[in-house]
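Order of the sequence lines sets the chain letters (A, B, ...), proteins ahead of strands, with each chain counted from 1.
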There are 2 protein chains.
Amino acid sequence: MKKLPRKTITRVLLYIRTLEALAKEKRFLVSSKQLSEITGLSDVKIRKDISNFKKIGKPRVGYKTLDLKRTLENYLLQNNVVHLALFGVGNLGSAILSYPGFHQNKIKLVAAFDIDRRKIGKTINGVKIYPVERAPEIIKKYHADIGIIAVPKEHCQEVADYMVLSGLSRILNFAPYSVSVPAKVQVRSIDFTIKILSLFCDAHK
Amino acid sequence: MKKLPRKTITRVLLYIRTLEALAKEKRFLVSSKQLSEITGLSDVKIRKDISNFKKIGKPRVGYKTLDLKRTLENYLLQNNVVHLALFGVGNLGSAILSYPGFHQNKIKLVAAFDIDRRKIGKTINGVKIYPVERAPEIIKKYHADIGIIAVPKEHCQEVADYMVLSGLSRILNFAPYSVSVPAKVQVRSIDFTIKILSLFCDAHK
DNA sequence: TTTTAATCGTTCATAATTTCACGATTGATA
DNA sequence: TATCAATCGTGAAATTATGAACGATTAAAA
Ligand SMILES: NC(=O)c1ccc[n+]([C@@H]2O[C@H](COP(=O)([O-])OP(=O)(O)OC[C@H]3O[C@@H](n4cnc5c(N)ncnc54)[C@H](O)[C@@H]3O)[C@@H](O)[C@H]2O)c1
Ligand SMILES: NC(=O)c1ccc[n+]([C@@H]2O[C@H](COP(=O)([O-])OP(=O)(O)OC[C@H]3O[C@@H](n4cnc5c(N)ncnc54)[C@H](O)[C@@H]3O)[C@@H](O)[C@H]2O)c1
């Protein structure tokens, strides 16, 4: 099957979550129209996204919630659990560590790193905080897939370098700074400030 | 001038930040090529984005850092300071409240709201925490522009309704749930889980 | 059994975005 | 001064994403 565009992947992940919620409410059938109302995306787009996988819907009826969920998950996640390594256990990092949402979902935080001696050795929410020097060792041991940057922007390039050195090839960066990494490494950012300003400007004009 | 697409706005905000950093390093001239290296965006795209505003670059030289910054800011932000109201002072909300980045930038947190009696009345980082019932009054008083949802997903629809009732027409939602709002209200989401899974899936295939 | 209405999946058209190509301009240099 | 190389700005081409149209299918109703 052809590689899906990133935008499609993002939407499909949203469908999976929505289907999960529907199943919890014992709604075992759902149409693209209903999914459209819940997610705010157009029904055509939803059907088109789903049609990337297989013919699973029935005209006049819709989709079986659990079948559709299984199909989508099967293609996208294949029963994998994503292992995260967090760098920087400050205000934001602590919030991420305490977040129970990740454990319910297909994400597991396997280790945290910091340079602050007072934090090292502690365990938050079952996740131990290590000194950054041990990152290469620990990341290999726990098979971390994705590194999260939650250190001040002044340190985020060095942390990114360290992540690459430790064998991570995917990075999610919360710092307001564009890090440079080798081509094979993928970086995405979550930038609160730009999100907020962009919402302001967009609506404003 | 024509309304800019959201993607362009987001990039331009990134240019503004980059130009700020360059100016701090006393680099008062910069080319689209250099901006490209710093931001990771293509130089053509950068020039095209900038050309939305006015002819401000000089061939063979580049852009004057401060002039360009002023021009971009002038169009996008016009000396406005964005006023935020935070709903939910839990793990994530507290991190946001403590974030000093907002104060340096053009963003100001003016008030926080919670239902937890133990939190109400406290002040974090100069921002007072009010009971949600006072939102309509406080939001008007401080002219809040954007509401931030940082409450558990089970409560986020009711909080969104309350925001609209209080006169907010822009919402940034951190909860993994698509809220319904009147058409005139804009909602954007920051969804950690989907960002992480999407990074995993995208690189994975 | 035939008709009807809902819904899927797909094709085709439209719109938005990015990339390419290149002329125009400018400061530096021979 | 004439040439050169760097860089801007932009129209056209290519790519990507979205939306509209519609035939095909199905369950339910007549
Ligand atoms: N707090 C927020 O709400 C918020 C909002 C937007 C962006 N951010 C960004 O997220 C990042 C973290 O923010 P924060 O508020 O948690 O900061 P913070 O100062 O509270 O925490 C930073 C943590 O990183 C650790 N650290 C510093 N250098 C390190 C290194 N080289 N290796 C490992 N750990 C290191 C520090 O010891 C500290 O524990 C910053 O880049 C910030 O700009 C935060
Ligand atoms: N913590 C994270 O790193 C993280 C990551 C991803 C997403 N999120 C999302 O962000 C939101 C907040 O997460 P959190 O970890 O801070 O949760 P939390 O449980 O720590 O805090 C929630 C806060 O909201 C308050 N609250 C509850 N109902 C309210 C209401 N109706 N009005 C006002 N306040 C109310 C609670 O009193 C509490 O202070 C959740 O939706 C969560 O899914 C958090």
Inset, instruction - Output, in order, the C-alpha distance, side-chain angles, deciding distance and verdict of salt bridge (Lys or Arg N to Asp or Glu O under 4.0 Å) for A:Lys69 and A:Glu73. - result: CA-CA 6 Å; A:Lys69 172 170 169 285; A:Glu73 270 182 357; 3.6 Å; yes
Legend entry - Residue pairs passing the ring-ring contact (aromatic ring centres under 6.0 Å, His included) test where at least one lies in residues 166-187 of chain A, sequence neighbours excluded: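 For residues 166-187 of chain A, and leaving out neighbouring residues, the ring-ring contact (aromatic ring centres under 6.0 Å, His included) pairs sorted by first residue read A:Phe174-B:Phe192.
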Extract all donor-acceptor atom pairs below 3.5 Å that involve side chains of residues 92-111 of chain B and protein atoms in other chains or at least two apart in sequence.
residue: B:Ser94; atom: OG; partner: B:Gly90; partner atom: O; Å: 2.6
residue: B:Ser98; atom: OG; partner: B:Ser94; partner atom: O; Å: 2.7
residue: B:Asn105; atom: ND2; partner: B:Gly101; partner atom: O; Å: 2.6

What is the distance, rounded to the nearest whole Å, between atom [atom1] of [X] and atom [atom2] of [N]?
X	N	atom1	atom2	result
B:Leu68	D:dT7	CG	P	15 Å
B:Ile50	D:dC8	CD1	P	8 Å
B:Lys45	D:dG9	NZ	C1'	17 Å

Inset, instruction - Find the distance between CG (B:Leu35) and CZ (B:Arg11) and round it off to the nearest 0.5 Å. - result: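 The CZ atom of B:Arg11 is 13.0 Å from CG of B:Leu35, to the nearest 0.5 Å.
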Legend entry - Separation between CD of B:Glu133 and OG of B:Ser166, rounded to the nearest 0.5 Å: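 The distance works out to 11.0 Å.
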Legend entry - Residues which pass salt bridge (charged side-chain N to carboxylate O under 4.0 Å, His left out) with A:Arg27, listed by chain and number, not counting sequence neighbours: none
Inset, instruction - With sequence neighbours left out, write down each residue that passes ring-ring contact (aromatic ring centres under 6.0 Å, His included) with A:Phe87, or none if nothing qualifies. - result: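 Testing A:Phe87 for ring-ring contact (aromatic ring centres under 6.0 Å, His included), a comparison that skips the adjacent residues, returns A:Phe113.
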Inset, instruction - Begin from the C-alpha positions of B:Leu84 and B:Leu172 and carry the test side chain to side chain contact (heavy atoms under 4.5 Å, CB included) through to its verdict. - result: CA-CA 10 Å; B:Leu84 300 184; B:Leu172 182 63; over 6 Å; no
Distances for protein N or O near nucleotides 12-15 of chain D N or O, under 3.5 Å:
residue: D:dA12; atom: N6; partner: B:Lys48; partner atom: NZ; Å: 3.2

Inset, instruction - Please lay out, stage by stage, how A:Arg47 and A:Asp43 fare under the test salt bridge (Lys or Arg N to Asp or Glu O under 4.0 Å). - result: CA-CA 6 Å; A:Arg47 285 201 300 281; A:Asp43 58 341; 3.6 Å; yes
Inset, instruction - Starting at the 5' end of nucleotides 23-30 of chain D, put B wherever the base has a protein heavy atom under 4.0 Å, S where only the sugar-phosphate does, and a dash everywhere else. - result: --BBB---
Inset, instruction - Check every nucleotide of DNA chain C for an atom under 4.0 Å from a heavy-atom of chain A, then give the first and the last such nucleotide from 5' to 3'. - result: C:dA5 to C:dC12
Inset, instruction - Would you check if B:Asp145 and B:Asn80 make a side-chain contact, meaning some heavy-atom pair closer than 4.5 Å? - result: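 Side-chain contact under 4.5 Å: no.
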Inset, instruction - Taking the side chain as every heavy atom from C-beta outward, state whether B:Asn74 and B:Phe53 have any atom pair closer than 4.5 Å. - result: no
Inset, instruction - Not counting sequence neighbours, list each pair that qualifies as a salt bridge (charged side-chain N to carboxylate O under 4.0 Å, His left out) and has a residue in residues 174-196 of chain A. - result: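 Every salt bridge (charged side-chain N to carboxylate O under 4.0 Å, His left out) pair that includes a residue of residues 174-196 of chain A, provided the two are not neighbours, is A:Arg188-B:Asp202, A:Asp191-B:Arg17.
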Inset, instruction - Could you check whether B:Arg6 gets within reach of a base, just the sugar-phosphate, or nothing at all, counting any heavy atom under 4.0 Å? - result: nothing
Using a 3.5 Å cut-off and no angle test, enumerate the donor-acceptor pairs between side-chain atoms of residues 55-64 of chain A and protein atoms at least two apart in sequence or in another chain.
none

Inset, instruction - List in numerical order all residues of residues 14-23 of chain B for which some heavy atom is under 4.0 Å away from an atom belonging to DNA chain D. - result: none
Inset, instruction - Kindly state which residues belonging to residues 29-42 of chain B come within less than 4.0 angstrom of DNA chain D, counting heavy atoms of the residue only, listed by number. - result: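 Under 4.0 Å from DNA chain D: B:Ser31, B:Ser32.
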Inset, instruction - Could you tell me whether A:Lys140 atom NZ has more than 12 heavy atoms of other residues or ligands within 6.0 Å of it? - result: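 Yes, the 6.0 Å shell around NZ holds more than 12 heavy atoms from other groups.
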Legend entry - Any residue meeting side-chain contact (heavy atoms from CB on, under 4.5 Å) with B:Pro5, in chain and number order, not counting sequence neighbours: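 Checked B:Pro5 against side-chain contact (heavy atoms from CB on, under 4.5 Å); matches are B:Thr8.
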